[in-house]
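Remarks on the structure that follows.
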Amino acid sequence: MKITKLFFGITLFIGITAIGQNKSFTVEEIWKKAFATEGFKSLHSMKNGTQYSVLEKNKLSAGTNIEVYDYATGEKVKTLVSSSSIDGLDSFQGYTFSKDETRIILSSQIEQIYRRSKKGIYHIYDVPSNGVFKISDKKIQAPLLSPDGNKVAYVMNNNIYMLNFVTGQEIQLTDDGKKNEIINGITDWVYEEEFAFVRAFEWSADSKKIAFIRFDEREVPEFSMDIYGTSLYQKQQVFKYPKAGEKNAKVSLFLANIEAMALDEIKLGAYKDFYIPRIKWTNNPDILSVQVMNRHQNNLDLIFVDATTKAPKVVLNEKDEAYIDVTDNLTFLDDNSFIWTSEKDGYNHIYHYKDTGELINQVTKGNWEVTKYYGYDSKNKRILYQSVENGNINRDVYTVTLDGKDKKRLSTKEGSNEAEFSADFSVYINYFSNTTTPYAYTLNDGSTGKMIRELKNNKTLSEKLEGYDVRPKEFSTIEVNGETLNMWMIKPKDFSPKKKYPLVMFQYSGPGSQMVKNTWNNQRDYWHMMLAQQGYIVACVDGRGTGLKGAKFKKVTQNDLGNLEVQDQITAAKQLGALGYIDASRIGIWGWSYGGFMSSNCLFKGADTFKMAIAVAPVTSWRFYDTIYTERYLKTPQENAKGYDDNSPINFVNGLKGKFLLVHGSADDNVHVQNTMRLAEALIQANKDFDWAIYPDKNHSISGGNTRLHLYTKMTNFIKNNL
């Protein structure tokens, strides 16, 4: 076995900071957010390039303000909007500017629907006049100001409406919307979850047209969940959820011409059983871009639709033997040439195409991944992006010219660097952290990366943690099954290589994911430190199928989810168990969602390796999960039954020998509690002893009130009693 240490500086950190650190973390402190970091809420770069706005609480009125600050000095320039000055609005939770920043949408009384979708009460604030009005007395979804700021479109009860501020005219663009049947302008459940967007309509550049997607989900099977609440009788939530191999919603594209009062369906071609994962207007107000993807998600067409002739034209085609990731990186330049990201050379990189679809050049190249595209600086003809060029557990900010030359690393500190650029890209706010440094926010020069001044540094948290036995992650690599895998390990304070320690392994392992990264702690990390304080070694290994090491490494699990990933975790556990300081008879593993699928399989298939496992909200058969995610990696059950069944924990319960804790929320709209019920029944019929917990009315996050505190207390006790 070969384990290679990566960051020797961390060992030094441990040696320096261990002095005087003796206070242990508690589950109560962790889940009461005692170690939360400070940051910026709803930061928006003003179009003048010299100022930015943030949402802040008004300490006097308990309301909220939009405050404007100067980039250069950090001084507050003005309070742009205050809820205290608006009748009937005690506070607001978010805001969105029009393109010219003369009008602002203020959101309040927000009601969450699913992971990303919500509805609420929205006001329009007119900056020049200080006037304000409510869009509707009813809760609406996804309001969007037109580019000229004179209109707003929104969705209510699955129909699209448009309100013209100048004329006072309100138009209902669609009238066939009906719950669980027809949705106009808002995505269905599976699009929202897996294509990661909710608003399915867009304004044209001239504010005269709205393109939108219509979802006909009448043939999609329904899923129902009991919501117990506090009433005498429970309620039932019924929604359309297409499980793998079942019918999806039929999608169609429509174009509404506001001036002509016309509504036309756009025929995209001879596609069957397809997805429309993105629509976006080009800078030409008559050209709409549409991305169309086949059900297997390995063929994507970028189509330009002429709004005058309604004619579609395929300008770019992407094919992949496995699948194609959909992103929001498509950017149109002034000449309607466009920026596009692709994995076609084996790594995710940036490309520049003519408006005809002809490749101009590949902007970035190398055996590393572009992880974020920040935008195009038209004045200096350069692209700003984030990548893992400096080691794939780190993130850095870079600039490169459109022709792929003059590449420059703007960030300087090793760890995780995120950027929030000003509107003109002259400056940016750098969000930096690593495993030993909580988030620090600095203003930096957009051309050189040089720090101009510090904005926030979370020094108070750092000082608070000085009194605690902080257990930082030690990063390394481990050779497993012919691959070099990234790993971190957290050790007890008085670690001695001559002692034997129980090992708790944590992982997620889903396609393209990354758990081993050089960034500041989340609440789960503090819990892992707490376990280390109690004498456990905690480790995490990113196996095959995880991300940011190239397409081949990521897509090697295609059509066989849970096979190679489980092999890697079992092999890694055996190799770690062979170390002199780890007790090979006391190794446990845990995970959430995909990680729960993995921990279940590891315990059932690796009975000689793992003594204990915890599975939280696990998928137990991919037959129970949705079409878009599951079929992307496995095709349909009808095509690949073996890929579904050979790795389903339900089919391997006879292998259980160790201790098993199974946890789920009863109102999980994502990974249905059906998964846990079916696994529990299989365990019962196999006469296997196990522990389990169902959290009433909790969704996939299993949170709210004291829920997380209760869950992590239960998991802590389970580990202490069984490992």
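Computed from a predicted structure; not experimentally measured.
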| said: Between Tyr241 and Asp669, is the side-chain hydrogen bond (donor to acceptor under 3.5 Å, both in side chains) condition met? List the steps. | reply: CA-CA 9 Å; Tyr241 186 108; Asp669 63 278; over 6 Å; no
| said: Using the rule given for side chain to side chain contact (heavy atoms under 4.5 Å, CB included), can you reason through Arg115 versus Asn699, listing the C-alpha separation, both sets of side-chain angles and the distance that settles it, and then say yes or no? | reply: CA-CA 9 Å; Arg115 188 194 296 263; Asn699 62 17; over 6 Å; no
| Electrostatic pair Glu418-Lys372, nearest N-O below 4.0 angstrom | yes
| said: Checking Asp286 against Thr308 for the side-chain hydrogen bond (donor to acceptor under 3.5 Å, both in side chains) test, could you report, in this order, the C-alpha distance in whole Å, the side-chain angles of both residues, the deciding distance, and whether it holds? | reply: CA-CA 7 Å; Asp286 289 323; Thr308 56; 5.6 Å; no
Is it the case that more than 12 heavy atoms not belonging to [X] sit under 6.0 Å from its [atom1] atom?
X	atom1	value
Tyr233	OH	no
Lys235	NZ	no
Lys118	NZ	no
Asn157	CG	no
Asn48	CG	yes
Glu38	CD	no
Asp335	CG	yes

In the structure I gave you, are the side-chain heavy atoms of [X] and [Y] within less than 4.5 Å of one another anywhere?
X	Y	result
His296	Tyr323	no
Asn380	Thr399	no
Ile124	Phe165	yes
Ile104	Leu80	yes
Ile121	Lys139	yes
Leu144	Ile210	no
Phe215	Val220	no

Please check this pair: side chain of [X] against backbone of [Y], looking for a donor-acceptor N/O pair closer than 3.5 Å.
X	Y	result
Lys280	Ser289	no
Asp697	Gly229	yes
Asp377	Lys379	yes
Ser224	Val238	no
Thr442	Asn444	no
Gln297	Ile628	yes
Arg453	Tyr71	yes
Asp325	Thr327	no
Arg116	Glu192	yes
Asp206	Lys208	yes

| field | Residues which pass ring-ring contact (aromatic ring centres under 6.0 Å, His included) with Tyr441, listed by chain and number, not counting sequence neighbours | value | Phe40, Tyr431
| task | Return the set of residues passing ring-ring contact (aromatic ring centres under 6.0 Å, His included) with His44 (not counting sequence neighbours), or none when no residue passes. | result | Phe97
| said: Is it true that Tyr52 and Asp70 share a donor-acceptor pair across their side chains at a distance under 3.5 Å? | reply: no
| request: Could you verify whether a donor N or O on one side chain and an acceptor N or O on the other, from Thr282 and Asn284, lie under 3.5 Å apart? | output: no
| field | Working for side chain to side chain contact (heavy atoms under 4.5 Å, CB included), residues Asn150 and Ser207 | value | CA-CA 9 Å; Asn150 291 329; Ser207 304; over 6 Å; no
| query | Roughly how far, to the nearest 0.5 Å, is the CD1 atom of Ile258 from the CE atom of Met162? | reply | 4.5 Å
| How many angstroms lie between atom OG1 of Thr174 and atom CG of Asn159, to the nearest 0.5 angstrom? | 3.5 Å
For [range], pull every pair meeting salt bridge (Lys or Arg N to Asp or Glu O under 4.0 Å), keeping only residues two or more places apart or in separate chains.
range	result
residues 75-87	Glu67-Lys76
residues 94-104	Arg103-Asp126
residues 142-169	Asp148-Lys151

Could you check whether [Y] and [X] have their ring centres less than 6.0 Å apart?
X	Y	result
Tyr374	Phe425	no
Phe92	His123	no
Tyr161	Tyr154	yes
Phe239	Tyr114	yes

| task | Mind telling me whether Tyr629 and Tyr625 have parallel, tilted or perpendicular rings, with 30° and 60° as the class edges? | result | perpendicular
| query | Where does the angle between the aromatic ring planes of Phe254 and Phe212 fall among parallel (under 30°), tilted (30 to 60°) and perpendicular (over 60°)? | reply | parallel
Heavy-atom pair of closest approach, residues [X] and [Y]:
X	Y	result
Gly177	Asn184	N-ND2, 3.8 Å
Ile182	Asn158	O-ND2, 3.0 Å
Gly149	Ser98	CA-CB, 4.0 Å

| said: Go through it in stages, so that I can follow the logic: the residues are Ile350 and Tyr376, the test is side chain to side chain contact (heavy atoms under 4.5 Å, CB included), and I'd like the CA-CA distance, side-chain angles, deciding distance and then a yes or no. | reply: CA-CA 11 Å; Ile350 301 170; Tyr376 175 64; over 6 Å; no
| task | Evaluate the side-chain hydrogen bond (donor to acceptor under 3.5 Å, both in side chains) criterion for residues Asn248 and Thr627: first the C-alpha distance (whole Å), next the side-chain angles of each, then the deciding distance (0.1 Å), finally the verdict. | result | CA-CA 8 Å; Asn248 280 310; Thr627 49; 2.7 Å; yes
| request: Only one of Tyr398, Tyr373, Phe421 passes ring-ring contact (aromatic ring centres under 6.0 Å, His included) with Tyr385; say which it is. | output: Tyr398
| said: Could you walk me through whether Ile303 and Val315 satisfy the side chain to side chain contact (heavy atoms under 4.5 Å, CB included) test, starting with their C-alpha distance in whole Å, then the side-chain angles of each, then the deciding distance to 0.1 Å, before giving a yes or no? | reply: CA-CA 6 Å; Ile303 298 173; Val315 296; over 6 Å; no
| Between Ser107 and Gln93, is a side-chain hydrogen bond (donor to acceptor under 3.5 Å, both in side chains) present by the stated rule, with each step listed? | CA-CA 6 Å; Ser107 60; Gln93 286 84 57; 5.3 Å; no
| said: Applying salt bridge (Lys or Arg N to Asp or Glu O under 4.0 Å), can you list everything that pairs with Lys381, at least two apart in sequence or on another chain? | reply: none
